[in-house]
Amino acid sequence: MAAVLPRLAVDLLQPLAGTSAEIWLEIGFGGGEHLVWQALHHPGITLIGCEPFEDGVVKVLSAIDEQGLGNIRLRADDCRPLLRALPEASIARAFVLFPDPWPKRKHVKRRLVSGALLDQLAHVMTAGAELRLATDIGDYARTMLIALMAHPSFRWTAEGPTDWRERPADWPPTRYEAKAIREGRPCNFFRFVRV
Ligand SMILES: C[S@@+](CC[C@H](N)C(=O)[O-])C[C@H]1O[C@@H](n2cnc3c(N)ncnc32)[C@H](O)[C@@H]1O
């Protein structure tokens with residue numbers, strides 16, 4: 001954290017300092033498997049990863065150091081101040097994969113994906129940008145879809161059930177997804193476009 005993070009931490013006063021033309025954002029990257037995979041497979045893209053969980057940040061810092069990755073920037077904190085700081089229409093793709101499920105009814109209001117988050121994402125995403133979301137919780141999938149379908153800035157790209165039941169090839173599995181599959185929960189993969 002002390003040696004590598006300061007060199008690639010996102011500064012909220014100049015969040016895009018030193019980044020390339022196209023920027024993708026992953027919110028809540030957990031162990032960072034997906035973030036690191038995307039960075040390795042898209043060296044021309046800058047990926048901003050945002051995650052308050054310190055062990056996850058350390059894992060990504062180790063991968064950056066060991067694999068010499070130069071296209072990841074990190075914000076080791078809640079995504080909402082970052083979303084407020086990012087310029088309008090600056091993000092070409094955003095990922096929110098398996099956000100914390102908060103399955104108990106009394107905790108549902110803690111869920112990250114809501115109309116308020118979608119407003120922030122709509123502001124920072126470019127027209128035509130893709131928003132990818134995943135969840136293994138049926139009730140969360142339902143509330144995600146209701147919020148997204150009601151939002152004027154997002155359009156669902158799915159044409160049939162395989163489009164949300166099967167993960168596309170350029171979308172690697174995460175640790176959380178592997179756990180969901182082991183425990184018998186089917187996963188949903190949603191792709192929306194910022195219109
Ligand atoms: C269930 S885990 C999934 C992690 C990873 N995306 C995966 O699929 O393995 C949800 C992650 O979201 C992070 N998280 C929760 N609230 C967040 C917020 N407000 N901003 C950024 N990350 C958040 C948590 O720390 C946690 O690592």
Side-chain angles (χ1 to χ4, degrees), residues 1 5 8-12 15 23-42 47-64 72-86 90-91 93-104 106-125 130-144 147 164-192:
M1 294 277 283
L5 185 58
L8 40 81
V10 175
D11 175 355
L12 292 191
I23 300 159
W24 293 0
L25 169 69
E26 181 166 351
I27 292 173
F29 58 72
E33 310 79 31
H34 175 273
L35 182 72
V36 168
W37 188 98
Q38 294 291 0
L40 277 168
H41 286 77
H42 300 97
L47 281 121
I48 298 179
C50 181
E51 171 57 65
F53 168 54
E54 198 172 288
D55 288 2
V57 174
V58 170
K59 282 199 180 81
V60 170
L61 289 171
S62 304
I64 289 171
I72 294 183
R73 300 284 179 277
L74 293 177
R75 181 80 197 156
D77 203 351
D78 189 297
C79 64
R80 285 160 284 200
L82 171 66
L83 288 168
R84 279 196 291 276
L86 285 168
S90 57
I91 299 298
R93 189 171 289 187
F95 307 93
V96 188
L97 308 181
F98 301 96
D100 289 319
W102 295 113
K104 290 187 184 153
K106 65 178 178 185
H107 291 148
V108 158
K109 57 182 178 300
R110 298 187 191 177
R111 286 178 175 170
L112 184 61
V113 180
S114 64
L117 185 86
L118 296 180
D119 287 345
Q120 287 194 301
L121 284 168
H123 180 73
V124 302
M125 289 172 74
E130 192 173 276
L131 171 60
R132 295 185 172 188
L133 305 110
T135 182
D136 57 320
I137 304 297
D139 175 61
Y140 204 168
R142 185 172 162 275
T143 51
M144 273 182 188
W164 71 83
R165 288 186 185 148
E166 289 174 19
R167 186 166 33 70
D170 66 345
W171 182 335
T174 64
R175 182 176 308 209
Y176 187 92
E177 178 188 332
K179 181 167 178 275
I181 291 169
R182 273 199 312 276
E183 294 173 3
R185 289 188 301 279
C187 300
N188 299 280
F189 306 94
F190 299 132
R191 294 202 282 179
F192 280 76

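As the structure lists them, so they are numbered: ligands from 1, and atoms in each ligand from 1. Remember, it's a predicted structure, so these values are computed and weren't measured experimentally.
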My understanding is that we take every heavy atom of each candidate and find the minimum distance to atom 11 (C) of ligand 1. Doing that for His34, Glu51, Glu33, which one comes out nearest?
Glu51

Where's the contact between Arg80 and ligand 1, heavy-atom distance under 4.0 Å: side chain, backbone, both or neither?
side chain

For atom 3 (C) of ligand 1, what is the nearest protein heavy atom, given as residue, atom name and distance?
Phe98 O, 3.1 Å

Least distance between heavy atoms, Cys50 atom then Asp77 atom:
SG-O, 3.1 Å

Less than 6.0 angstrom from the centroid, inside 45 degrees of the normal: does Arg111 satisfy that with respect to the ring of Trp102?
no

Donor-acceptor under 3.5 Å (Arg73 side chain, Ala9 main chain)
no

Of the protein's non-hydrogen atoms, which lies at the shortest distance from atom 23 (C) of ligand 1, and what is that distance?
Pro52 CD, 3.6 Å

For the aromatic rings, using the six-membered ring if either is Trp, is the centroid distance between Phe29 and His34 under 6.0 Å?
no

Short list, please: which atoms of ligand 1 are under 4.0 Å from a heavy atom of Phe53?
25 (O)

Nearest non-hydrogen protein atom to atom 8 (O) of ligand 1, with distance, is Thr174 OG1, 2.7 Å

I'd like to check whether Glu26 has a polar contact with ligand 1, where a contact means an N/O of the residue lying under 3.5 Å from an N/O of the ligand.
no

Assess the residue pair Arg167 and Glu177 against the criterion (salt bridge (Lys or Arg N to Asp or Glu O under 4.0 Å)); give the C-alpha distance rounded to whole Å, side-chain angles, the decisive distance to 0.1 Å, and a yes or no.
CA-CA 11 Å; Arg167 186 166 33 70; Glu177 178 188 332; 2.9 Å; yes

Exactly one of His42, Arg132, Gln38 should register a side-chain hydrogen bond (donor to acceptor under 3.5 Å, both in side chains) with Asp170. Which one does?
Arg132

Interfacing atoms of ligand 1 (cut-off 4.0 Å, heavy-atom, Gly30)
4 (C), 5 (C), 27 (O)

Heavy-atom closest pair (Val113 atom, Met144 atom, distance to 0.1 Å) is CG1-CG, 3.8 Å

If only atom types and distance count, is the side chain of Glu26 paired as donor or acceptor with the main-chain N or O of Leu35 below 3.5 Å?
yes

Tell me: protein heavy atom nearest atom 15 (C) of ligand 1, and distance?
Asp100 OD2, 3.2 Å

Write out the residue and atom name of the closest protein heavy atom to atom 18 (C) of ligand 1, then the distance separating them to 0.1 Å.
Cys79 N, 3.9 Å

For Leu112, the atoms of ligand 1 under 4.0 Å from one of its heavy atoms are 19 (N)

For Leu25, run the side-chain contact (heavy atoms from CB on, under 4.5 Å) check against Leu131, Val96, Leu82 and tell me which one passes.
Leu82

State whether the shortest distance between N or O atoms of Asp78 and N or O atoms of ligand 1 falls below 3.5 angstrom.
yes

Polar contacts were defined as any N/O atom of the residue lying under 3.5 Å from an N/O atom of the ligand; does this apply to Leu97 and ligand 1?
yes

The closest protein heavy-atom partner of atom 5 (C) of ligand 1 is Gly28 O, 3.5 Å

Which heavy-atom pair separates Val124 from Leu83 by the least distance, and what is that distance?
CG1-O, 3.5 Å

Which of the atoms of ligand 1 are close to Tyr176, meaning less than 4.0 Å from one of its heavy atoms?
1 (C), 7 (C), 8 (O), 9 (O)

